[in-house]
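Everything on this sheet refers to the single structure shown next.
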Amino acid sequence: MQLQGKTAVITGSTSGIGLGIARELAKAGANVVLNSFSDTEEDHARAAEIADVTGVDAKYVQADMSNGDDCRRLIVAAGGCDILVNNAGIQHVAPIQDFDPKKWDAIIAINLSSAFHTTAAAVTGMRERGWGRIINVASAHGLTASPYKSAYVAAKHGILGLTKTVGLETAKDPITCNAICPGYVLTPLVEAQIPDTMKEYGMSREDVINKVMLERQPSKQFATVEELGGTAVFLCSDAAAQITGTSISVDGGWTAQ
Ligand code: NAD
């Protein structure tokens with residue numbers, strides 16, 4: 001159990017990639033703190049289930065990642081944060097002239113600024129405890145663009161800049177900061193884009209999946225949340241101690257093109 005005794009905070013971890021990463025970190029022995037903006041019985045039950053299955057401590061902390069104070073409160077409420085996974089993210093698809101400015105602000109706040117706040121709150125404790133791993137879930141859209149995703153692409157390019165900067169600021173500490181850049185993963189976030197993209201391109205659901213989404217992904221397969229969790233566990237391992245300020249693509253070859 002390589003991560004025994006470490007505590008991992010994973011933002012936006014009630015579904016999709018965040019939950020997948022939380023499960024894999026717990027399997028590797030880390031105690032996990034799940035998070036989202038809601039506060040339901042189901043949210044707490046999900047954490048209890050991880051604790052039951054893996055034997056680690058797991059809890060759920062409500063905090064809205066669109067609010068800087070909440071981001072910082074999450075780190076305090078976690079009672080220690082050795083591994084920080086900045087994963088919370090939302091998407092909105094529209095041509096720039098029709099892009100709702102409120103959606104722009106929300107995407108920049110949740111997908112980018114939240115990582116600034118949580119990292120600022122967590123890094124001092126990591127230095128004091130002499131170990132830390134910061135993992136930002138970016139995207140293939142941190143390296144390339146697609147039409148109609150102006151805010152998302154801007155936020156994801158931004159988080160790669162933040163990753164490099166924090167990697168440099170922590171380079172002399174036993175702390176690393178890296179990004180994971182997934183291609184398409186079939187999570188609720190991607191499901192939600194399908195109807196809008198069908199409308200935008202006048203296509204069927206099947207055509208949006210095969211001709212728009214997986215068209216960019218040479219493997220012609222969605223990446224899985226388990227694969228992303230495994231990548232996060234690797235970044236927390238001793239073998240990854242000198243990997244910092246960079247990104248790992250898990251995108252079936254998308255960004256090799
Ligand atoms: P998802 O919708 O399944 O999960 C998003 C999580 O963020 C949920 O737990 C949701 O409750 C939480 N969240 C949303 N708003 C929040 C807020 N204000 N405060 C706290 N939590 C909030 O989406 P996903 O596909 O698992 O995406 C997770 C991350 O992976 C995002 O940053 C996304 O941009 C990135 N990503 C996803 C894909 C993909 O294909 N699914 C590809 C590349 C990158």
Side-chain angles (χ1 to χ4, degrees), residues 9-24 32-40 42-43 46-47 60-75 77 84-93 102-103 105-115 117-118 135-146 149 151-160 162-163 179-194 197 208-209 212-214 216-217 219 221-229 231-232 247-252 254-255:
V9 177
I10 306 101
T11 72
S13 42
T14 55
S15 76
I17 294 170
L19 184 56
I21 290 177
R23 288 195 166 124
E24 296 304 315
V32 293
V33 178
L34 303 187
N35 154 263
S36 186
F37 56 86
S38 54
D39 199 8
T40 65
E42 205 188 339
D43 293 330
R46 214 175 274 113
Y60 176 80
V61 176
Q62 183 282 338
D64 183 348
M65 292 300 103
S66 68
N67 176 304
D69 291 341
D70 260 28
C71 296
R72 290 167 189 260
R73 177 176 61 76
L74 168 63
I75 301 304
L84 170 62
V85 182
N86 289 306
N87 168 79
I90 58 168
Q91 175 63 284
H92 180 68
V93 179
K102 287 198 177 69
K103 297 271 191 199
D105 288 345
I107 289 175
I108 299 299
I110 296 167
N111 297 23
L112 176 58
S113 302
S114 69
H117 292 292
T118 54
I135 299 171
N136 295 323
V137 179
S139 169
H141 281 117
L143 299 163
T144 64
S146 294
K149 295 186 178 175
Y152 188 84
V153 170
K156 294 300 185 181
H157 276 67
I159 207 161
L160 291 187
L162 179 69
T163 303
I180 300 176
C181 293
Y184 276 108
V185 188
L186 197 54
T187 65
L189 179 141
V190 166
E191 276 292 345
Q193 289 172 57
I194 294 175
T197 314
V208 166
I209 290 177
V212 179
M213 295 178 163
L214 296 183
R216 312 277 302 269
Q217 210 146 299
S219 65
Q221 290 176 49
F222 287 106
T224 68
V225 299
E226 291 78 11
E227 289 161 354
L228 293 160
T231 307
S247 62
I248 298 183
S249 290
V250 184
D251 65 3
W254 176 340
T255 50

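One-based numbering along the sequence shown. For ligands, and for the atoms within them, numbers begin at 1 and follow the listed sequence.
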For atom 9 (O) of ligand 1, what's the nearest protein heavy-atom neighbour? Residue, atom name and distance, please.
T14 OG1, 2.7 Å
Among all protein heavy atoms in this structure, tell me which lies nearest to atom 40 (O) of ligand 1, with the distance rounded to 0.1 Å.
V185 N, 2.7 Å
For atom 25 (O) of ligand 1, the closest protein heavy atom turns out to be T187 OG1, 2.3 Å
Report, in ascending order of atom number, the atoms of ligand 1 lying under 4.0 Å from any heavy atom of P188.
3 (O)
Mark up the atoms of ligand 1 that fall under 4.0 Å of a heavy atom belonging to I90, in ascending order.
14 (C), 15 (N)
Supply the atom-to-atom distance I159 CD1 to K156 NZ, rounded to the nearest 0.5 angstrom.
6.0 Å
pair V9-T118: side-chain heavy atoms closer than 4.5 Å:
no
Polar-atom distance check: V190 versus ligand 1, any N or O pair below 3.5 Å?
no
Which residue owns the protein heavy atom closest to atom 16 (C) of ligand 1, what's the atom, and how far is it?
F37 CD2, 3.3 Å
L214 side chain near I209 side chain, heavy-atom distance below 4.5 Å:
yes
Any atoms of ligand 1 less than 4.0 Å from a non-hydrogen atom of I110? List them with their elements.
18 (N)
Would you say K156 contacts ligand 1, with heavy atoms under 4.0 Å as the rule?
yes
Check ligand 1 against N87 and write out every atom of the ligand that is under 4.0 Å from a heavy-atom position of the residue.
28 (C), 29 (C), 30 (O), 31 (C), 32 (O)
Who's closest to atom 19 (N) of ligand 1 heavy-atom-wise, of H141, E191, M65?
M65
Mark the output for A63 as yes if a heavy-atom distance to ligand 1 is under 4.0 Å, and as no if none is.
yes
Which pair of heavy atoms, one from W254 and one from T144, lies closest together, and at what distance?
NE1-OG1, 3.6 Å
With atoms numbered from 1 as shown, which atoms in ligand 1 lie under 4.0 angstrom from a non-hydrogen atom of A88?
7 (O), 21 (N), 32 (O)
Using heavy atoms and a 4.0 Å limit, tell me yes or no: is A109 in contact with ligand 1?
no
For atom 37 (C) of ligand 1, what's the nearest protein heavy atom and its distance?
I17 CD1, 3.4 Å
Working note: R73 + D70, criterion salt bridge (Lys or Arg N to Asp or Glu O under 4.0 Å); need CA distance, chi angles, decisive distance, verdict.
CA-CA 5 Å; R73 177 176 61 76; D70 260 28; 3.3 Å; yes
Should you measure from each heavy atom of D64, which atoms of ligand 1 turn up under 4.0 Å away?
17 (C), 18 (N), 19 (N)
Gap separating the CG atom of N111 from the CG atom of N86, nearest 0.5 angstrom:
11.0 Å
On a heavy-atom basis, which atom in L112 and which in G158 lie closest, and how many Å separate them?
CD1-C, 3.6 Å
Which heavy atom of N87 sits nearest a heavy atom of T11, and at what distance?
N-OG1, 2.8 Å
To the nearest 0.5 Å, what is the distance between CE (M213) and CG (L186)?
8.0 Å
Atom 10 (C) of ligand 1: closest protein heavy atom, distance to 0.1 Å, is S36 OG, 3.8 Å
Which segment of F222 sits under 4.0 Å of ligand 1 when only heavy atoms are counted
neither
Which pair of non-hydrogen atoms, one from L160 and one from C181, has the smallest distance, and what is that distance?
CD2-SG, 4.0 Å
How close do L34 and A22 get, counting heavy atoms only, and between which atoms?
CD2-CB, 3.4 Å
To check you understand the geometry: which heavy-atom pair defines the closest contact between M65 and A88, and what is its length?
CG-CB, 3.9 Å
Within a distance under 4.0 Å of any heavy atom of S13, pick out the atoms of ligand 1 and give their elements.
9 (O)
Any atoms of ligand 1 less than 4.0 Å from a non-hydrogen atom of G16? List them with their elements.
3 (O), 26 (O)
F37 and side-chain contact (heavy atoms from CB on, under 4.5 Å): which single residue from I110, D64, D43 fits?
D64
Among protein heavy atoms, which lies nearest atom 1 (P) of ligand 1, and at what distance?
S15 OG, 3.4 Å
So is G12 polar-close to ligand 1, meaning N/O to N/O under 3.5 Å?
yes
I want to know if ligand 1 touches Y152 in the polar sense, i.e. an N/O pair below 3.5 angstrom.
yes
Heavy atom of the protein closest to atom 42 (C) of ligand 1 (residue, atom name, distance):
G183 O, 3.0 Å
Would you give the length of the straight line joining atom CD1 of I10 to atom CG of L74, rounded to the nearest 0.5 angstrom?
9.5 Å
With a 4.0 Å cut-off on heavy atoms, does A138 reach ligand 1?
yes
Counting only heavy atoms, which portion of N35 has something under 4.0 Å from ligand 1: side chain, backbone, both, or neither?
side chain
Name the residue from I135, I21, V137, I248 that meets the side-chain contact (heavy atoms from CB on, under 4.5 Å) definition with T231.
I248
